Undergrad: 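I have a structure I would like to understand better, so I am pasting it below and will then ask my questions one at a time.
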4 protein chains.
Amino acid sequence: MSALRPRKRPTQPRAVETVACILEAAAQILEAQGQAAFNTNAVAERAGVSIGSLYQYFPGKDALLIALMQREKDRFGADAAAALSEPTGRTALQHLIQAAVRQQLSRAELARLLDIAEERPEARKAVDGKSGFGALIHQILARPDLPAQPDVARAADDVGQIIRALIDAAGLRGDTDAVALERRLCAAVFGYLGAAQM
Amino acid sequence: MSALRPRKRPTQPRAVETVACILEAAAQILEAQGQAAFNTNAVAERAGVSIGSLYQYFPGKDALLIALMQREKDRFGADAAAALSEPTGRTALQHLIQAAVRQQLSRAELARLLDIAEERPEARKAVDGKSGFGALIHQILARPDLPAQPDVARAADDVGQIIRALIDAAGLRGDTDAVALERRLCAAVFGYLGAAQM
Amino acid sequence: MSALRPRKRPTQPRAVETVACILEAAAQILEAQGQAAFNTNAVAERAGVSIGSLYQYFPGKDALLIALMQREKDRFGADAAAALSEPTGRTALQHLIQAAVRQQLSRAELARLLDIAEERPEARKAVDGKSGFGALIHQILARPDLPAQPDVARAADDVGQIIRALIDAAGLRGDTDAVALERRLCAAVFGYLGAAQM
Amino acid sequence: MSALRPRKRPTQPRAVETVACILEAAAQILEAQGQAAFNTNAVAERAGVSIGSLYQYFPGKDALLIALMQREKDRFGADAAAALSEPTGRTALQHLIQAAVRQQLSRAELARLLDIAEERPEARKAVDGKSGFGALIHQILARPDLPAQPDVARAADDVGQIIRALIDAAGLRGDTDAVALERRLCAAVFGYLGAAQM
DNA sequence: AATGAATGAGCCTTCATTCAT
DNA sequence: AATGAATGAAGGCTCATTCAT
């Protein structure tokens, strides 16, 4: 049995709320005090829940972190998926970038730390996959109005990384000008794709 | 006294070798087993040195990590600084990208993990500064043949991040085609700068 | 948050017992093996408790020692405070001396070592204060039947030191004659105060 | 062979000086930074001597500390021994008290910390003995003008403790009025002996 | 003799996790 | 289901002491 997925899918409404509480506590500790302060006892205390209860819902620390990543991904999901309805690849990518920027600006430090955490191999295995950001980009890059890429998977990966890197850097600087950030992102991404704006 | 700078400058040749051993052991553990396995006892053991010796030269775990970053930066330094002798900003950037790619391909995983570690605020303070990659880019971006940037410091930061992100991603994928990687990097960077190749 | 005060007030009876066990183990190690052997691992082991449990209730070694001092002070407290009900200053001091001797004879070596430990400046700050031995003496010295002292605080301090010194010395010699010890103490203390017995 | 006495009696003048240097360094560290900072490496460094040399002259840390105690005792010795030439026991004791106060006021914190260190059983064994303060008091107490004590050894011990305790307390308070301190000491001591001043 | 690099036992402390209640 | 007391492996770091040079 995987030790990374939630232990039980909570069905009772109280349990659902408890899980949400724990995740939010985890998010707050991470963004307010950083990785080093992120430990299960602290999360449980902040959530107002016993450490035993935390382990009832999450089989371990990693599972908790991964659930948090998933929560943020889901939060982003609908907004991002709408990009696929855009008429062209270019507008779809712009839409996606806009969604990513919006997401990041709302909880910049949290997003940044989760991005870093996601780099760990265990996390990559558990979170990535079909539902992700990468897959979305992959689909968009296949659109006919964008230059064909020799290796679409790689290009999708690279574009995702560029977006992530610049958004995280902006967050770290405390940059809050979403429009300017989007403009820079588009320049870099379309430049990468060989579809630079004139 | 800072707990992040080396504790004692080795004078005897034996000591110099010990320090080198420790740093190399740190590098190997980091790249072979990752951040989580990176602890002072393991490093000392791998270096074939007592834990006491490690602490004779490094005041703590963080200092060790930072010294390792510095070592890699220095290794990269000469190669990168040569970029400033290039006639134009464009060629200088290309030179810099080439140097970065070369550096990364030699020890991809190590470089990637150090990049991640460098993200921690304590590390940023200790390592960055004048001698860095960022300052180099900053100077290059001021060259007249490149489009003027509204905020050069930010642009330099962003360019550094793009380079870092794409190189790390390539390393993670096991990508070893340096030329192709450089081409993609140039596309993204010059795209970002509004100087896309035609 | 102070690293010297107990970390968590035990609520469950089991926890109360654990704390008591730890303190008693600390006392035993101190008196049987001395300061040098007093370390958190040894205390936990002797208490039959894991080192983690010790740190659950005491934030560190010093806090443990201070809690032990406090325990002994409290044990002594009621007995000593009764001195204030004595009709005269002289009898009050005699009462106090008697109480101190009684306390010391029960666990002479422990008391002696705690007295020494209390000399350390960190300990002084944490333990002394209103509830202390010194304050009690201070009040007694203000009684009208005792000679007025030019500096009551200093006199109280000195008297406390004399009592402590002679009792500790007796303990170290293995002296068990309480009555004789009290007589010598009274002689020294009342001599100091200029109220020597005729 | 005892591990507490100096390893070799230095005969060459340079060696004598080195030993003196080390002892003075030890004294300075102790009084300026306290017990916790008192370690062999620090002493050697402050003395401007290699750690190896320190171990050439002292077989261990304890030997160093004990030699320091001895040094202070010797410094005190001549002054104190002169007390024996006083015509009466009373004046002899007064002389001794005066000498002790003078000694203490010159390096109060050092003397205080050495007094504490002397409490340790290993130290007692090595330092005490015939040449000490105690023996001096013992002789004085036998003088005919002082009240006969039922147990002279015990009385000598007690008197020594009283003197030590009050002087240390004064040092800790930063008290620098030697005359007043002597007056209080005499009161306590002669009170103890049943020879209170009128 | 002197040096100082090296050693490593040992101490302090944290935190993920378990389990009796 | 919930609680929180208890666990103990693991890791950071110091410092007395040794020994090759």
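Reminder, nothing fancy here: chain letters follow the sequence lines and each chain counts from 1. Since the model is a prediction, treat every value here as computed from it, not as a measurement.
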Undergrad: From C-beta outward on B/Q12, which listed nucleotide comes closest to its side chain: F/dA6, E/dA16, E/dA5?
TA: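 My answer, after comparing the listed nucleotides, is E/dA5.
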Undergrad: Do any N or O atoms from the side chain of D/S53 and from the backbone of D/V49 form a donor-acceptor pair under 3.5 angstrom?
TA: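 No; judged by distance alone, with no hydrogens or angles, the pair does not exist.
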Undergrad: So C/Y57, base contact, sugar-phosphate only, or nothing? Heavy-atom distance under 4.0 Å.
TA: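 If one applies the 4.0 Å heavy-atom cut-off, C/Y57 turns out to touch the sugar-phosphate alone, with no base involved.
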Undergrad: With nearest nucleotide decided by heavy atoms, which residue, C/S50 or A/G48, maps closer to the 5′ end of DNA chain F?
TA: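 Its nucleotide being nearer the 5' end, the pick is A/G48.
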Undergrad: At under 4.0 Å, does any side-chain N or O of C/T40 touch on OP1 or OP2 of E/dC11?
TA: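 Indeed not, no polar side-chain atom of C/T40 lies that close.
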Undergrad: Distance check: side-chain N/O of C/R7 vs OP1/OP2 of E/dT14, anything under 4.0 Å?
TA: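 Checking E/dT14 against C/R7, a side-chain N or O does come within under 4.0 Å of OP1 or OP2.
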Undergrad: Regarding F/dA10, can its base be found pairing with the side chain of B/N41 as donor and acceptor, where the two atoms are less than 3.5 Å apart?
TA: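 Flag unset: no donor-acceptor pair detected.
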Undergrad: Does any part of the side chain of B/F58, heavy atoms only, come nearer than 4.5 Å to the side chain of B/V19, both counted from C-beta?
TA: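 Yes. Closest side-chain heavy atoms under 4.5 Å.
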Undergrad: I want to verify a distance call: between F/dA6, F/dA9, F/dT18, whose nearest atom is closest to the D/I51 side chain?
TA: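 Among the listed nucleotides, the one closest to the side chain of D/I51 is F/dT18.
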Undergrad: Nearest to the C/K61 side chain among E/dT14, E/dT13, F/dT17, which nucleotide is it?
TA: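 When the side chain of C/K61 is considered, E/dT13 is the closest of E/dT14, E/dT13, F/dT17.
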Undergrad: Would you indicate whether the side-chain heavy atoms of D/L110 and D/Q28 approach each other to under 4.5 Å?
TA: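 No, every pair of side-chain atoms sits at 4.5 Å or beyond.
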Undergrad: Please report the distance, rounded to the nearest Å, between CG in D/D62 and C1' in F/dC15.
TA: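 Those two atoms, CG and C1', are 14 Å apart.
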Undergrad: Just so I know, are the side chains of C/E119 and D/L113 near enough to count as touching, which here means a heavy-atom distance under 4.5 Å?
TA: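 No; the side chains remain at least 4.5 Å from each other.
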Undergrad: Any idea which of E/dG4, E/dA2, F/dA6 is nearest the D/Q56 side chain?
TA: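 For the D/Q56 side chain, the nearest candidate turns out to be E/dA2.
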Undergrad: OP1 or OP2 of F/dA5 versus the side-chain N and O atoms of C/S53: is any pair under 4.0 Å?
TA: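 Answer is no, no contact under 4.0 Å.
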Undergrad: Does C/T18 have a side-chain nitrogen or oxygen under 4.0 Å from the phosphate oxygens OP1 or OP2 of F/dA6?
TA: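 It does, given that an N or O in the side chain of C/T18 lies less than 4.0 Å from OP1 or OP2 of F/dA6.
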Undergrad: Figure out the CD1/C1' separation between D/I29 and F/dC15, and round it to whole Å.
TA: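 Answer to the nearest Å: 13 Å.
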Undergrad: Checking B/K61 side chain against B/F38 main chain: does a donor-acceptor pair fall under 3.5 Å?
TA: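 Yes, B/K61 side chain to B/F38 backbone: donor-acceptor pair under 3.5 Å.
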Undergrad: Expressed in angstrom and rounded to an integer, what is the separation of C/F58 atom CZ from E/dC12 atom P?
TA: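 Going from C/F58 (CZ) to E/dC12 (P), I get 15 Å.
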Undergrad: Can you name the residues that form a salt bridge (charged side-chain N to carboxylate O under 4.0 Å, His left out) with B/R7, not counting sequence neighbours?
TA: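 For B/R7, no residue satisfies salt bridge (charged side-chain N to carboxylate O under 4.0 Å, His left out) once neighbours in sequence are set aside.
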Undergrad: Dot-bracket, DNA chain F: Watson-Crick or G-U, under 3.5 angstrom, [ ] crossing, | other strand?
TA: .||||||||||||||||||||
Undergrad: Apply the test side chain to side chain contact (heavy atoms under 4.5 Å, CB included) to residues C/R46 and C/E24: give CA-CA distance (whole Å), side-chain angles for both, the deciding distance (0.1 Å), then the verdict.
TA: CA-CA 9 Å; C/R46 173 147 216 158; C/E24 182 53 27; over 6 Å; no
Undergrad: Does B/Q70 offer a backbone N or O that forms a donor-acceptor pair with the side chain of B/R75 under 3.5 Å?
TA: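 Between the backbone of B/Q70 and the side chain of B/R75 there is no qualifying donor-acceptor contact (under 3.5 Å).
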Undergrad: Report the distance from atom CD of B/E45 to atom C1' of F/dG12, rounded to the nearest whole Å.
TA: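 Those two atoms, CD and C1', are 16 Å apart.
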Undergrad: Between A/F38 and B/L54, who's closer to the 5' end of DNA chain E by nearest nucleotide?
TA: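 Result: B/L54.
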Undergrad: Looking at D/R107 and D/E31, is any side-chain nitrogen of the basic one under 4.0 Å from a carboxylate oxygen of the acidic one?
TA: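 Yes, this pair counts.
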Undergrad: B/V49 side chain: which of E/dT7, F/dA6, E/dC11 is closest?
TA: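 Among the listed nucleotides, the one closest to the side chain of B/V49 is E/dT7.
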Undergrad: Protein-nucleotides 19-21 of chain E N/O pairs closer than 3.5 Å?
TA:
none

Undergrad: Is any NZ, NE, NH1 or NH2 atom of the basic residue among D/E109 and D/R112 found under 4.0 Å from an Asp or Glu carboxylate oxygen of the other?
TA: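 Yes, this pair counts.
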Undergrad: Could you tell me the separation between the CG atom of A/N39 and the P atom of E/dC15, rounded to a whole number of Å?
TA: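 In whole Å, E/dC15 P and A/N39 CG are 5 Å from each other.
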